[in-house]
Amino acid sequence: MTMMDEMTQRMKVLTECDGVPGHEGAVRAQMKSYLEPLSEELVMDRLGSVFGVKTGLAGGPKVMLAGHLDEIGFMVTQITPKGFLRFNQLGGWWAHNVLSHRVKVKTRKGEYIGIIGSKPPHVLEAEERTKVMKLKDLYIDIGAKDEADAKEMGVRPGDWVVPVSDFFTMRDGELWAGKALDNRSGCSLAVEILSRLQNEQHPNVIYAGATVQEEVGLRGAGTAANLIQPDVAFALDVGIAHDTPGSESNPMKCNMGGGPLVLIFDASMIPNTALRDLVIDTAEESGISVQFDAITGGTTDGGRIHTSGIGCPTLSVGFATRYIHSHNSVMSKSDFNQAADLLTAVIKKLDRETVDKLIG
């Protein structure tokens with residue numbers, strides 16, 4: 001078995017933490033343990049977003065690096081008379097990605113392994129076989145005998161549910177895989193950049209950390225930006241890899257392992273052009289290949305951060321990732337490492353004059 005380096009080990013720890021929107025406490029505690037040794041102070045909003053502060057130049061522009069703590073999951077909404085659990089999604093799921101998968105149901109009396117169930121193929125009508133199951137028709141089986149038994153186990157409506165999936169590596173450690181890469185990879189990137197700046201000069205004040213409830217409407221991004229009032233911001237998040245079978249017709253050519261990903265358009269943000277150019281120019285100077293994506297059906301925390309206060313020049317940077325919003329996603333360690341190199345170099349350039357020119 002390949003020994004894990006520090007970056008890989010941190011990804012393993014963060015991805016194996018459980019934290020759906022509104023229940024990010026365990027992930028936040030882990031992030032605090034990483035940020036505290038690297039920061040002068042920690043700041044938190046009242047929803048639970050957390051950031052470490054590092055001053056390079058007092059009075060310099062405030063630079064926000066934001067991953068998000070939450071992962072997609074589910075919430076229990078009903079216990080049926082026979083003890084099965086109905087649920088709502090927290091974040092975007094495709095029903096094909098959840099059938100027969102294991103989940104953990106988190107209750108006041110502990111957690112229980114459950115299986116997401118549906119009708120077996122043997123009893124499906126012909127027309128049903130060609131359709132995607134609706135999430136409302138699925139349920140979670142925790143082995144309860146009936147509704148009373150499920151309640152005795154501690155289950156209540158509002159309890160949260162998270163995928164069961166351990167972190168693992170592929171191709172001799174070059175690839176990272178598991179649940180919650182979206183977006184513990186962004187959380188880890190914020191920590192990594194803060195670590196790389198420990199003994200480096202930078203003409204600004206860094207706020208590196210992660211928001212809450214991104215997957216259900218960018219909620220923590222708004223409150224965190226109101227707290228920090230950044231002068232420039234980077235949303236650190238996964239993007240979509242278009243290198244798998246069936247994606248050949250996509251006009252964007254984003255390959256896992258092809259370099260950091262810059263999002264040039266999404267459903268909630270057109271990024272600041274000058275900031276985009278600064279990142280691209282810095283990448284060229286550093287010999288780092290960057291990739292570009294444009295999506296109409298998704299967004300990142302940048303959508304909320306860039307409209308905070310009087311406006312904030314913002315760019316979303318991340319990694320082309322396969323199979324996001326499922327139990328198992330895959331991303332490239334080299335993309336992560338190069339993203340850290342790139343953003344560390346960009347941050348060193350963000351003095352007051354440069355930041356002021358972003359909106360000139």
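Considering only heavy atoms from C-beta on, W176 comes within 4.5 Å of T8 through its side chain. K109 places a side-chain heavy atom less than 4.5 Å from the side chain of E152. Inter-residue side-chain proximity for P163 and W93 is flagged as met; some heavy-atom pair is nearer than 4.5 Å. Considering only heavy atoms from C-beta on, T300 stays 4.5 Å or farther from H68 through its side chain. With a 4.5 Å cut-off on side-chain heavy atoms, S332 and L175 count as touching. You'll find the side chain of Y207 stays beyond 4.5 Å of the side chain of L227, heavy atoms only. The side-chain heavy atoms of D182 and S329, taken from C-beta on, include no pair separated by under 4.5 Å. Using a 4.5 Å heavy-atom cutoff, the side chains of D18 and K179 are in contact.
V98 and I142 fall within the same hydrophobic cluster, defined by Ile, Leu, Val, Met, Phe, Trp and Tyr side-chain heavy atoms under 4.5 Å apart, directly or through other members. Under the 4.5 Å side-chain contact rule for hydrophobic residues, F51 and L14 do not share a cluster. When the side chains of ILVMFWY residues are joined at heavy-atom separations under 4.5 Å, either directly or via intervening members, L57 and L65 end up in two distinct hydrophobic clusters. Put simply, I305 and V43 are part of the same group of oily side chains (I, L, V, M, F, W, Y) that touch within less than 4.5 Å, one to the next. Under a hydrophobic clustering in which Ile, Leu, Val, Met, Phe, Trp and Tyr are joined whenever their side-chain heavy atoms come within less than 4.5 Å, directly or via other members, V53 and M64 fall into the same cluster.
No donor-acceptor pair closer than 3.5 Å links the side chain of D141 to the backbone N or O of I115. A donor-acceptor distance shorter than 3.5 angstrom exists from the side chain of H325 to the backbone of G92, with no hydrogens or angles considered. Side-chain atoms of D237 do not come within 3.5 Å of backbone N or O of N183 as any donor-acceptor pair. Judged purely by atom type and a 3.5 angstrom limit, D335 uses its side chain to pair as donor or acceptor with the backbone of G259. D266 contributes no side-chain N or O that, together with a main-chain N or O of I295, makes up a donor-acceptor pair within less than 3.5 Å. Although no hydrogens or angles enter the test, the distance criterion places no donor-acceptor pair under 3.5 Å between the side chain of R86 and the main chain of V76. Judged purely by atom type and a 3.5 angstrom limit, D231 has no side-chain atom pairing as donor or acceptor with the backbone of V355. Side-chain N or O atoms of E24 include none that pairs as donor or acceptor with a backbone N or O of G19 at under 3.5 Å. Checked by atom type and distance alone, the side chain of R322 never pairs as donor or acceptor with a backbone atom of M256 at under 3.5 Å. Although no hydrogens or angles enter the test, the distance criterion places no donor-acceptor pair under 3.5 Å between the side chain of S308 and the main chain of G222.
With rounding to the nearest 0.5 Å, the separation of CE in M7 from OG in S188 is 8.0 Å. In this structure, R276 CZ and L263 CG are separated by 12.0 Å, a value rounded to the nearest 0.5 Å. Expressed to the nearest 0.5 Å, how far CG of N272 lies from CG of L358 amounts to 5.5 Å. Here F167 contributes atom CZ and M4 contributes atom CE; the two are 5.0 Å apart, rounded to the nearest 0.5 Å. Considering NE2 of H101 and OG of S326, their distance stands at 7.0 Å, rounded to 0.5 Å.
When each of L278, T273, V279, V346 is checked for a side-chain contact (heavy atoms from CB on, under 4.5 Å) with L315, only V279 meets the rule.
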For this session: Could you go through the side-chain contact (heavy atoms from CB on, under 4.5 Å) check for Y323 and N328 one step at a time?
Result: CA-CA 7 Å; Y323 324 123; N328 292 286; over 6 Å; no

For this session: Let me see the working for F87 and V161 under side-chain contact (heavy atoms from CB on, under 4.5 Å), right down to the final yes or no.
Result: CA-CA 9 Å; F87 59 88; V161 182; 5.6 Å; no

Exercise. How far apart are the C-alpha atoms of T321 and V330, what are their side-chain angles, what is the distance that settles it, and do they pass the side-chain contact (heavy atoms from CB on, under 4.5 Å) test?
Worked result: CA-CA 6 Å; T321 305; V330 186; 5.8 Å; no

For this session: Evaluate the side-chain contact (heavy atoms from CB on, under 4.5 Å) criterion for residues S334 and E174: first the C-alpha distance (whole Å), next the side-chain angles of each, then the deciding distance (0.1 Å), finally the verdict.
Result: CA-CA 7 Å; S334 68; E174 294 179 19; over 6 Å; no

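Contacts of K136 classified as side chain to side chain donor-acceptor pair (under 3.5 Å), with partners at least two apart in sequence or in another chain: none. Evaluation of the side chain to side chain donor-acceptor pair (under 3.5 Å) rule for E16 yields K12 as partners, not counting sequence neighbours. Residues passing the ring-ring contact (aromatic ring centres under 6.0 Å, His included) test with H122: none are found, sequence neighbours excluded.
Other members of the cluster containing I113 are V164, with ILVMFWY side chains joined at under 4.5 Å, either directly or via other members. Other members of the cluster containing V162 are V20, M75, L90, W160, with ILVMFWY side chains joined at under 4.5 Å, either directly or via other members.
No side-chain donor-acceptor contact under 3.5 Å links T223 and N226. T107 and D159 share no side-chain donor-acceptor pair at under 3.5 Å.
Contact between T296 and A267 at its shortest, heavy atoms only, is O-CB, 3.4 Å. Residues G52 and S39 approach most closely at CA-OG, 3.2 Å, considering heavy atoms. Of all the heavy atoms in A224 and T211, the pair that sits closest is CB-CG2, 4.3 Å. When all heavy atoms are compared, the tightest approach of F74 to Q89 is CD2-CA, 3.8 Å. The nearest pair of heavy atoms linking L181 to M331 is CD1-CG, 3.8 Å. The minimum heavy-atom distance linking V27 with C17 is given by the pair CG2-CB, 3.8 Å.
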For residues 192-200, tabulate all N or O donor-acceptor pairs below 3.5 Å that involve a side-chain atom, not counting sequence neighbours.
unit_1	atom_1	unit_2	atom_2	d
E192	OE1	R10	NH2	2.7
E192	OE2	R196	NE	2.8
E192	OE2	R196	NH2	3.2
R196	NH1	D341	OD1	2.3
R196	NH2	N337	OD1	2.5
Q198	NE2	L38	O	3.0
Q198	NE2	L194	O	2.9
E200	OE1	K348	NZ	3.0

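For CZ of R352, the number of neighbouring non-hydrogen atoms (other residues, nucleotides, ligands) closer than 6.0 Å is greater than 12. For NZ of K349, the number of neighbouring non-hydrogen atoms (other residues, nucleotides, ligands) closer than 6.0 Å is greater than 12. Heavy-atom neighbours of L42 CG from other residues, nucleotides or ligands within 6.0 Å: above the threshold of 12. Applying the 6.0 Å contact sphere to CZ of R129 captures more than 12 heavy atoms from other residues, nucleotides or ligands. No more than 12 heavy atoms of other residues, nucleotides or ligands sit less than 6.0 Å from atom CD1 of I359. The number of heavy atoms from other shown groups lying within 6.0 Å of NZ (K253) is above 12. More than 12 heavy atoms of other shown residues, nucleotides or ligands fall within 6.0 angstrom of atom CD in E127. More than 12 non-hydrogen atoms from other residues, nucleotides or ligands lie less than 6.0 angstrom from CD of E285.
With respect to the salt-bridge test (charged N to carboxylate O, under 4.0 angstrom), the residues K106 and E111 qualify.
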